[in-house]
Amino acid sequence: MIEAPILVAPTGMHRLAHPEGEVATARAAASCNTIMVLSFTSNCTIEEVAASCDAVRFFQLYVYKRRDIAAELVKRAERHGYKAVVVTGDTPRLGRREADIKNKMVAPRLRNLEGLLSVEVESGGGSNLQAFASQTHDDSLSWKDMAWLKSITSLPILIKGVLTAEDGCGSGLNGVIVSNHGARQLDYAPASLSVLEEVAEAVAGSVPVLFDGGIRRGTDVFKALALGAKAVMVGRPVVFGLAAKGEQGVRRVVEILKDELELTMTLAGCPTIDAISRSHVRTEQERLRSFM
Ligand SMILES: Cc1cc2nc3c(=O)[nH]c(=O)nc-3n(C[C@H](O)[C@H](O)[C@H](O)COP(=O)(O)O)c2cc1C
Ligand SMILES: CCCCC(=O)C(=O)O
């Protein structure tokens with residue numbers, strides 16, 4: 001269905017990077033024939049992104065204390081042709097982002113929420129995003145809430161932010177995304193690549209396992225696929241491409257990754273994605289063991 005196993009990860013507030021925001025990213029993803037996961041905290045609306053071009057898109061969900069708002073946005077995504085919900089499980093509260101506090105970070109308008117919620121928040125002199133998240137995100141989020149989510153949508157649901165085998169196989173959802181939120185949430189959370197294999201083994205092919213975190217080269221995509229991911233998602237490089245050259249910049253980022261993946265496959269003797277196997281990579285642990 002998609003040209004390469006490289007998706008656009010949900011990242012918030014694309015107008016911080018480019019005036020056209022998520023619409024430019026969506027067009028780039030569409031022209032690369034890949035899937036964009038639209039962030040719940042986008043600047044462009046669900047409808048604007050849907051109307052920008054014809055492509056497969058997923059919608060990322062933050063579960064708000066105000067469940068009616070979360071449900072309303074999922075309904076809007078469903079109505080506008082988004083094909084899956086990606087529920088982010090690792091952000092019941094925002095991690096302590098000291099740079100945002102120091103820089104007095106102010107989020108640009110989250111237009112999806114207009115008419116639903118006042119986005120004027122007092123930051124107390126620190127990060128306005130952090131103050132906003134603590135007012136809105138439901139910090140009691142747990143597995144039991146997945147039953148509620150299933151009850152409000154017929155779309156497939158993927159859980160993002162899984163870092164253990166136990167969470168991977170216990171979700172009862174339609175897909176698992178191994179991620180530590182780009183190391184933006186909890187210091188000392190494991191690097192997502194270091195736990196990918198154990199999660200993939202536990203899930204054992206029952207649902208697709210996706211991966212994100214630190215994908216910067218085609219070789220990184222290859223490593224993640226060898227360790228059990230069906231596809232990867234890319235966060236920061238897409239935002240950097242958007243900031244540098246808008247739609248064209250995002251397209252270039254995805255193309256570079258795809259070209260590098262193809263080169264890596266050829267040099268590793270893999271004519272197809274399915275030919276990438278566990279034996280193509282050696283982990284740090286295996287390397288150390290080989291010295292013993
Ligand atoms: C600026 C920024 C904003 C992000 N916003 C969201 C978001 O709105 N929702 C979400 O689930 N993850 C968000 N993430 C996390 C990404 O989806 C992804 O997990 C992470 O960026 C992957 O790592 P990478 O940046 O090394 O590719 C964000 C990450 C960044 C860098
Ligand atoms: C309130 C969440 C903001 C978007 C996000 O998830 C991030 O910045 O990592």
Side-chain angles (χ1 to χ4, degrees), residues 6-18 21-22 25 29 35-44 46 49 58-65 69-70 73 84-101 103 105-110 112-113 117 119 121 123 127-139 141 157-163 175-186 189-193 196 210-217 220-221 223-224 229 231-243 250 253-254 257:
I6 303 168
L7 278 62
V8 173
T11 49
M13 299 163 289
H14 284 194
R15 283 205 175 138
L16 286 173
H18 192 274
E22 288 81 8
T25 317
I35 297 170
M36 171 185 181
V37 185
L38 179 68
S39 167
F40 191 85
T41 11
S42 58
N43 298 131
C44 301
I46 291 170
V49 173
F58 295 172
F59 179 65
Q60 178 258 325
L61 175 71
Y62 277 134
V63 179
Y64 274 16
K65 291 176 186 135
I69 292 178
L73 265 66
V85 174
V86 170
V87 58
T88 299
D90 59 21
T91 314
R93 295 178 60 183
L94 214 59
R96 187 178 159 78
R97 301 177 182 176
E98 291 182 346
D100 287 359
I101 296 169
N103 296 327
M105 154 81 174
V106 177
R109 277 164 68 203
L110 306 176
N112 275 323
L113 300 174
L117 183 76
V119 290
V121 285
S123 66
S127 158
N128 147 292
L129 186 67
Q130 191 157 37
F132 177 68
S134 72
Q135 284 184 17
T136 51
H137 289 213
D138 184 350
D139 64 4
L141 183 69
I157 301 167
L158 292 85
I159 174 89
K160 174 170 182 278
V162 167
L163 290 171
V176 164
I177 306 179
V178 175
S179 169
N180 69 7
H181 208 106
R184 289 160 73 75
Q185 283 297 94
L186 178 63
S192 46
L193 193 72
L196 171 58
L210 272 58
F211 171 84
D212 76 28
I215 298 287
R216 301 291 179 269
R217 293 281 182 182
D220 298 326
V221 182
K223 284 182 269 184
V232 303
M233 304 200 304
V234 183
R236 288 176 185 80
V238 164
V239 180
F240 297 156
L242 183 65
V250 174
V253 166
V254 177
L257 287 169

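Counting starts at 1 for both ligands and their atoms, following the listed order. Worth knowing before you read on, the calculation uses all heavy atoms, side chains too, and leaves out hydrogens, waters and symmetry mates.
For ligand 1, none of its N or O atoms has an N or O atom of F40 under 3.5 Å away. For ligand 2, one of its N or O atoms has an N or O atom of Y62 under 3.5 Å away.
Remark: minimum distance from atom 21 (O) of ligand 1 to any protein heavy atom is reached at G235 CA, 3.8 Å. When hydrogens are left out, the protein atom nearest atom 8 (O) of ligand 1 is S39 OG, 2.7 Å; that is the closest non-hydrogen contact. Scanning the protein for heavy atoms near atom 30 (C) of ligand 1, the closest one is R184 NE, 3.4 Å. Protein heavy atom closest to atom 18 (C) of ligand 1, with residue, atom name and distance, is D212 OD2, 3.3 Å. Closest to atom 7 (C) of ligand 1, if we only count protein heavy atoms, is Y62 OH, 3.5 Å. Counting only heavy atoms of the protein, atom 9 (O) of ligand 2 lies nearest to H181 NE2, 2.8 Å. Distance from atom 31 (C) of ligand 1 to its nearest protein heavy atom, with residue and atom name: R236 CG, 3.6 Å. T41 OG1, 3.7 Å is the protein heavy atom nearest to atom 4 (C) of ligand 2. Looking from atom 5 (N) of ligand 1 to the surrounding protein, the closest heavy atom is G12 N, 3.0 Å. Annotation: atom 12 (N) of ligand 1 to nearest protein heavy atom, K160 NZ, 2.9 Å.
In terms of heavy atoms, C44 sits closest to R15 at SG-NH2, 3.7 Å. Scanning all heavy atoms of the two residues, the minimum distance from A224 to L196 falls at O-CD2, 3.3 Å.
In this structure, the side chains of N180 and D90 stay at 4.5 Å or more apart for every pair of heavy atoms. Looking at R96 and I101, their side chains come closer than 4.5 Å, going by heavy atoms from C-beta outward. Using a 4.5 Å cut-off on side-chain heavy atoms (C-beta onward), Q185 and R97 make contact.
Ligand 1 places these atoms under 4.0 Å from at least one heavy atom of T88: 10 (C), 11 (O). For ligand 2, the atoms closer than 4.0 angstrom to any heavy atom of R184 are 7 (C), 8 (O), 9 (O). Interface of A9 with ligand 1, defined as ligand atoms under 4.0 Å from a residue heavy atom, comprises 17 (O). Under a 4.0 Å criterion applied to the non-hydrogen atoms of G213, ligand 1 contributes the atoms 22 (C), 23 (O), 26 (O). If you number the atoms of ligand 1 from 1 as listed, the ones under 4.0 Å from a heavy atom of T41 come out as 8 (O). Heavy-atom proximity to R97, at under 4.0 Å, picks out these atoms of ligand 2: 7 (C), 8 (O), 9 (O).
Summarising the contacts of atom 20 (C) of ligand 1 with A17, G182, P10, the nearest heavy atom is found in G182. Of the listed options Q60, H181, M233, H181 places a heavy atom closest to atom 15 (C) of ligand 1.
Using the six-membered ring where Trp is involved, Y62 and H137 have ring planes that are tilted, between 30° and 60° apart. The aromatic rings of F132 and Y64 stand perpendicular to each other, their planes meeting at an angle above 60°, with 30° marking the opposite boundary.
Interatomic distance, CG of D212 versus CZ of R236, reported as 9.5 Å (0.5 Å rounding). Remark: I157 CD1 to I159 CD1 distance equals 9.5 Å, nearest 0.5 Å. Note that OG of S39 and CG of L110 are 8.5 Å apart. Values are rounded to the nearest 0.5 Å. Once rounded to the nearest 0.5 Å, the distance linking CD1 of I69 with CG of L117 reads 4.5 Å.
The shell of residues lying under 4.0 angstrom from ligand 2, judged by heavy atoms, excludes T91. Using a 4.0 Å cutoff on heavy atoms, R216 counts as a contact of ligand 1. At least one heavy atom of H137 sits less than 4.0 Å from an atom of ligand 2. Heavy atoms of V239 come nearer than 4.0 angstrom to ligand 1 in no pair at all.
Within a 6.0 Å sphere centred on CZ of R93, heavy atoms belonging to other residues, nucleotides or ligands number 12 at most.
N112 places a side-chain N or O within 3.5 Å of a backbone atom of I46 that can act as its donor or acceptor partner.
Here the options are E22, M36, Q60, the test is side-chain contact (heavy atoms from CB on, under 4.5 Å), and the partner is P10; only Q60 passes. With V63 as reference, V87 is the one residue of T88, V87, T91, D139 to meet the side-chain contact (heavy atoms from CB on, under 4.5 Å) rule.
No part of T88 comes within 4.0 Å of ligand 2, judged by heavy-atom distances. Under 4.0 angstrom from ligand 2, there are no non-hydrogen atoms of Q185. When heavy-atom distances to ligand 1 are checked against a 4.0 Å cut-off, S179 comes that close only through its side chain, counted from C-beta outward.
Electrostatic pairing of K223 and D220 counts as a salt bridge here, judged by a charged N lying under 4.0 Å from a carboxylate O.
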